[in-house]
A.B. asks: 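Would you mind keeping the following structure in view while I ask a few things?
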There are 2 protein chains.
Amino acid sequence: MPPSPSRVTQADVARHAGVSRTTVSFVLSGREDMRISIEARQRILGAAQELGYRPNLTAQSLRTRKTYTVGLVSDRVASTHYAGEMIQGALEAALERDHLLYFAESGDDPEAERKLLQGMLDRQVDGLVHAAMSTRTYRPSEQVRSYPSVLLNCLDETGEFTCVVPDEEEAGRQAVKLLLEAGHRDGVHVVGGSQVTRRSPDGVYAGRERMRGIEEALSAAGVRLSGVSECDWSSPEHGYRAARSLLDSEAPPTAVVCCNDRLAFGVYQAAGDCGMSVPRDLSVVSFDDSELASWLRPALTSIALPHHELGRTAVSLLLSPDEREPAVHRIPMPVRRRESIAAPRR
Amino acid sequence: MPPSPSRVTQADVARHAGVSRTTVSFVLSGREDMRISIEARQRILGAAQELGYRPNLTAQSLRTRKTYTVGLVSDRVASTHYAGEMIQGALEAALERDHLLYFAESGDDPEAERKLLQGMLDRQVDGLVHAAMSTRTYRPSEQVRSYPSVLLNCLDETGEFTCVVPDEEEAGRQAVKLLLEAGHRDGVHVVGGSQVTRRSPDGVYAGRERMRGIEEALSAAGVRLSGVSECDWSSPEHGYRAARSLLDSEAPPTAVVCCNDRLAFGVYQAAGDCGMSVPRDLSVVSFDDSELASWLRPALTSIALPHHELGRTAVSLLLSPDEREPAVHRIPMPVRRRESIAAPRR
DNA sequence: TCCTCCTGCTCACTCGATTTAACATCGCCG
DNA sequence: CGGCGATGTTAAATCGAGTGAGCAGGAGGA
């Protein structure tokens with residue numbers, strides 16, 4: 001029982017053009033070495049056109065073992081909104097090479113992840129992207145170790161895989177550079193830090209790298225960091241509290257580096273409540289460049305997570321087998337200059 | 001030239017179990033009508049287990065014309081962040097029925113959309129979801145009219161397709177209800193309106209429906225709307241300007257219904273600048289429930305776009321052929337009560 | 001003893017493509 | 001005039017499964 005309604009196949013085209021299926025295949029797949037006469041070629045192309053022939057990729061894949069398909073499995077996307085850009089970038093690179101993208105999310109559940117990967121392997125994807133929503137280490141499971149894979153926004157410790165991550169350390173340096181250029185020296189404080197919490201006693205990758213960059217750039221300029229308020233990055237509330245206690249102190253900072261825009265939002269709220277004005281009394285620079293940054297008044301200078309470029313690069317590397325030497329690719333984080341930095345007040 | 005490394009196939013299992021390939025197929029696909037002895041069944045299952053057999057879905061699909069795959073094509077996702085939830089919901093419903101999801105974005109380019117849909121059709125997807133990031137009308141192209149399709153967050157004028165949209169009108173009623181319950185009567189103003197702009201001279205769907213709901217609920221209570229500030233919804237700036245002129249007037253409103261959270265954010269900023277406090281001097285209720293709503297101080301009461309549920313429902317309907325009568329499904333928008341509403345000051 | 005019926009399994013075809021090897025036909029050269 | 005190479009085309013196998021028809025062998029009945 002062939003389950004009903006079929007599309008136009010090569011056999012139909014062959015019949016229409018008065019040649020064999022083989023010939024049709026040769027013409028349509030453009031094999032130059034097979035010497036088909038111009039007339040036959042024309043008849044076939046004409047028939048294909050007329051009948052609206054479209055190849056059945058499923059059948060093609062079965063024979064060629066190539067599906068023109070890549071799978072992207074992330075841990076979670078809804079929580080960090082900018083992930084959309086990452087997927088978009090991945091999609092863009094896939095389409096450029098005529099691939100379609102399977103997208104799925106494990107929700108951090110290993111069993112769910114296993115199933116998803118298995119589903120993609122069963123469907124013979126050409127390659128896999130393992131994505132994390134905030135940079136961290138990741139160990140691909142045994143089932144995919146022999147499979148073309150790229151890690152997106154995560155690092156593997158074994159060095160077996162190609163990884164694509166943002167260049168957080170350089171971003172840290174850039175943040176400091178902006179403040180130094182504006183004339184800030186000793187009053188620079190950090191809100192956020194490495195994000196040491198119960199769940200992450202060593203801090204998070206982005207935090208550690210940003211801090212490293214910040215400290216390096218400051219010491220290169222011979223400036224001492226006035227202090228770091230370690231706190232959770234998850235909501236403006238934490239930034240507010242940190243800033244409140246800073247601004248109420250007897251030697252408030254002249255500039256604050258916030259580890260993300262949410263914290264910066266909290267700092268803005270605190271400054272407002274303390275009757276201080278950004279950037280006149282307090283310069284603020286931040287990371288991530290979420291939409292929030294452009295909505296704040298004054299608009300917030302922030303160093304962007306290059307989500308689009310991350311996704312793009314990952315898939316692009318995945319589909320260029322020649323460039324798939326295991327390596328860590330660090331994508332630059334662009335500075336978005338806005339109005340939250342000014343010279344320190346004297 | 002069979003291009004190299006192959007996985008375990010049914011033929012391998014058959015050899016291992018000492019039966020024919022046919023028998024293996026019958027056992028593994030669980031056909032009860034074929035009378036296979038218990039011993040044979042056990043040997044086959046054992047062999048499959050031992051060899052780590054996994055069916056090749058590509059081959060299966062070729063024969064059965066079922067790919068266990070659905071395609072989701074949206075216009076754009078990166079701009080409106082909450083789309084992530086929508087995709088997640090869609091994914092969830094797909095997985096429940098053992099389907100995987102192709103995700104793609106047309107970027108509002110009809111030619112790109114055509115290509116994406118064609119790519120999915122060529123890959124024999126079982127069904128398509130056409131998604132829009134903000135509710136609007138959509139006319140599926142000729143190429144997919146005979147294909148199982150569901151419209152997600154958009155409506156078709158022809159009534160040929162199943163559509164899933166948020167119940168905006170009811171949300172409008174709910175917003176008013178919250179204010180009436182708090183004791184507001186004549187001082188209720190709307191910021192945003194139908195969002196009449198150059199690009200949308202008739203306003204947008206969400207705007208018109210919300211306004212309809214708002215007006216209906218007010219008139220049902222015998223209350224007159226104090227006024228509507230029609231404006232662009234895209235950034236807090238517009239909300240700020242609208243609110244500024246309202247609050248500086250001689251009869252400022254006691255409550256404002258904002259057509260989305262960005263506008264509400266602008267209203268907060270304006271209230272702050274005018275020395276007014278939310279909710280003591282001004283109650284605010286809003287729509288969408290973006291993250292922003294919970295970050296604001298005081299936290300903003302907002303009526304959520306049920307993105308997750310929208311995506312979930314769309315795919316769920318798509319994969320239940322019995323329920324695929326063309327119809328419009330309106331998904332309720334949940335109220336998130338927070339701290340931005342109080343009784344009017346006398 | 002022959003016929004039928006059931007049980008348990010297999011043969012051979014099919015899905016829609018790719019790909020290898022071979023087969024006509026023709027002209028040309030020795 | 002026979003063999004050979006070039007040219008244009010096709011038959012048949014293959015990818016990995018699903019599936020209708022059929023075939024042994026034993027039990028049971030007439």
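Scope of the values below: all heavy atoms of this structure, side chains included, with no hydrogens, waters or symmetry mates. Residue numbering restarts at 1 for every chain, and letters A, B, ... go by the order of the sequence lines.
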A.B. asks: To the nearest Å, how far apart are A/Q42 CD and D/dG8 C1'?
C.D. replies: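 Result: 16 Å.
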
A.B. asks: Starting at CZ of A/R123 and ending at P of D/dA17, how long is that distance when rounded to a whole Å?
C.D. replies: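 Answer to the nearest Å: 14 Å.
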
A.B. asks: If the condition is side-chain hydrogen bond (donor to acceptor under 3.5 Å, both in side chains), which residues does A/Y53 pass it with, not counting sequence neighbours?
C.D. replies: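 Testing A/Y53 for side-chain hydrogen bond (donor to acceptor under 3.5 Å, both in side chains), a comparison that skips the adjacent residues, returns none.
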
A.B. asks: Considering only heavy atoms, which members of residues 12-23 of chain A lie under 4.0 Å from some atom of DNA chain D?
C.D. replies: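 DNA chain D contact set from residues 12-23 of chain A: A/V19, A/S20, A/T22, A/T23.
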
A.B. asks: Nearest whole angstrom, please: distance from the C1' of D/dT10 to the CZ of A/R31.
C.D. replies: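 A/R31 atom CZ is separated from D/dT10 atom C1' by 13 Å.
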
A.B. asks: Looking at residues at least two apart in the chain, or sitting in another chain, which of them share a side-chain hydrogen bond (donor to acceptor under 3.5 Å, both in side chains) with A/R145?
C.D. replies: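 Per chain and number, A/R145 pairs via side-chain hydrogen bond (donor to acceptor under 3.5 Å, both in side chains) with A/E160.
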
A.B. asks: Report yes if at least one side-chain N or O of B/R65 is closer than 4.0 Å to OP1 or OP2 of C/dG16; otherwise report no.
C.D. replies: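 Result: yes.
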
A.B. asks: How close or far is atom C1' of D/dA12 from atom CZ of A/R63, stated in whole angstroms?
C.D. replies: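 Spelled out: CZ on A/R63 to C1' on D/dA12 is 12 Å.
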
A.B. asks: Separation of B/I36 atom CD1 from C/dT7 atom C1', in whole Å?
C.D. replies: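 It is 10 Å, rounded to the nearest whole Å.
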
A.B. asks: Restricting to side-chain hydrogen bond (donor to acceptor under 3.5 Å, both in side chains), what partner residues turn up for B/D126, sequence neighbours left out?
C.D. replies: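 Counting only residues at least two positions away or on another chain, B/D126 forms a side-chain hydrogen bond (donor to acceptor under 3.5 Å, both in side chains) with B/K66, B/T67.
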
A.B. asks: Between B/D75 and B/E105, is there a side-chain heavy-atom distance shorter than 4.5 Å?
C.D. replies: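 Of all side-chain heavy-atom pairs linking B/D75 with B/E105, none is under 4.5 Å.
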
A.B. asks: Expressed as a whole number of angstroms, how long is the span from A/N56:CG to C/dC15:P?
C.D. replies: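 Between P of C/dC15 and CG of A/N56: 12 Å.
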
A.B. asks: Given D/dG18, is OP1 or OP2 found less than 4.0 Å from the side-chain N or O atoms of B/Q60?
C.D. replies: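 Yes.
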
A.B. asks: Please tabulate, for side-chain N and O atoms in residues 22-30 of chain A, each donor-acceptor pair with protein atoms closer than 3.5 Å (sequence neighbours left out).
C.D. replies:
residue, atom, partner, partner atom, Å
A/T23, OG1, A/S20, OG, 3.0
A/S29, OG, A/S25, O, 2.6

A.B. asks: Decide whether A/N56 and A/Q60 meet the rule of one side-chain donor and one side-chain acceptor closer than 3.5 Å.
C.D. replies: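 There is no such pair between these side chains.
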
A.B. asks: Are any protein N/O atoms closer than 3.5 Å to N/O atoms in nucleotides 24-26 of chain C? If there are, list each pair with its distance.
C.D. replies:
none

A.B. asks: Measure from CD1 on B/I44 to P on C/dC9 and round the result to the nearest Å.
C.D. replies: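 The answer, rounded to whole Å, is 8 Å.
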
A.B. asks: Please enumerate all residues that pass salt bridge (Lys or Arg N to Asp or Glu O under 4.0 Å) together with A/D156, with sequence neighbours excluded.
C.D. replies: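 Listed in chain order: nothing, the list is empty.
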
A.B. asks: Tell me, please, which residues at least two apart from B/R114 pass salt bridge (Lys or Arg N to Asp or Glu O under 4.0 Å).
C.D. replies: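 Expected list: B/E111.
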
A.B. asks: Can you name the salt bridge (Lys or Arg N to Asp or Glu O under 4.0 Å) partners of B/K115, sequence neighbours left out?
C.D. replies: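 B/K115: no salt bridge (Lys or Arg N to Asp or Glu O under 4.0 Å) contacts found.
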
A.B. asks: Establish, with yes or no, whether the OP1 or OP2 oxygen of D/dT9 is under 4.0 angstrom from a side-chain nitrogen or oxygen of A/S37.
C.D. replies: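 The answer is yes; a side-chain N or O of A/S37 sits under 4.0 Å from OP1 or OP2.
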
A.B. asks: Each nucleotide N or O in nucleotides 22-25 of chain D that has a protein N or O under 3.5 Å away: list the pair and distance.
C.D. replies:
none

A.B. asks: Testing the 3.5 Å rule here: is there a donor-acceptor pair between the side chains of B/H130 and B/S149?
C.D. replies: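 Yes, side-chain donor-acceptor contact under 3.5 Å.
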
A.B. asks: Rounded to the nearest Å, what distance is computed from the CZ atom of residue B/F26 to the P atom of nucleotide C/dT10?
C.D. replies: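 After rounding, the reported distance stands at 10 Å.
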
A.B. asks: Identify, with sequence neighbours excluded, every residue that meets salt bridge (Lys or Arg N to Asp or Glu O under 4.0 Å) alongside A/E92.
C.D. replies: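 A/E92: salt bridge (Lys or Arg N to Asp or Glu O under 4.0 Å) contacts with A/R312.
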
A.B. asks: Output all residues satisfying side-chain hydrogen bond (donor to acceptor under 3.5 Å, both in side chains) with A/D33, sequence neighbours left out; order by chain, then residue number.
C.D. replies: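 Expected list: A/R31.
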
A.B. asks: Does the side chain of A/Q10 get closer than 4.0 angstrom to OP1 or OP2 of C/dT18 through an N or O atom?
C.D. replies: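 It does, given that an N or O in the side chain of A/Q10 lies less than 4.0 Å from OP1 or OP2 of C/dT18.
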
A.B. asks: Within the 4.0 Å heavy-atom criterion, would you say A/A40 contacts the bases, only the backbone, or no part of the nucleic acid?
C.D. replies: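 Sugar-phosphate, no base atom in range.
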
A.B. asks: I want to confirm an ordering. Mapping B/R43 and B/L62 to their closest nucleotides on DNA chain C, which one lands closer to the 5' end?
C.D. replies: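 In this pair, the answer is B/R43.
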
A.B. asks: Determine: side-chain N/O of A/S25 to OP1/OP2 of C/dT18, distance under 4.0 Å, yes or no.
C.D. replies: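 So the side chain of A/S25 is within the cut-off, an N or O lying under 4.0 Å from OP1 or OP2 of C/dT18.
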
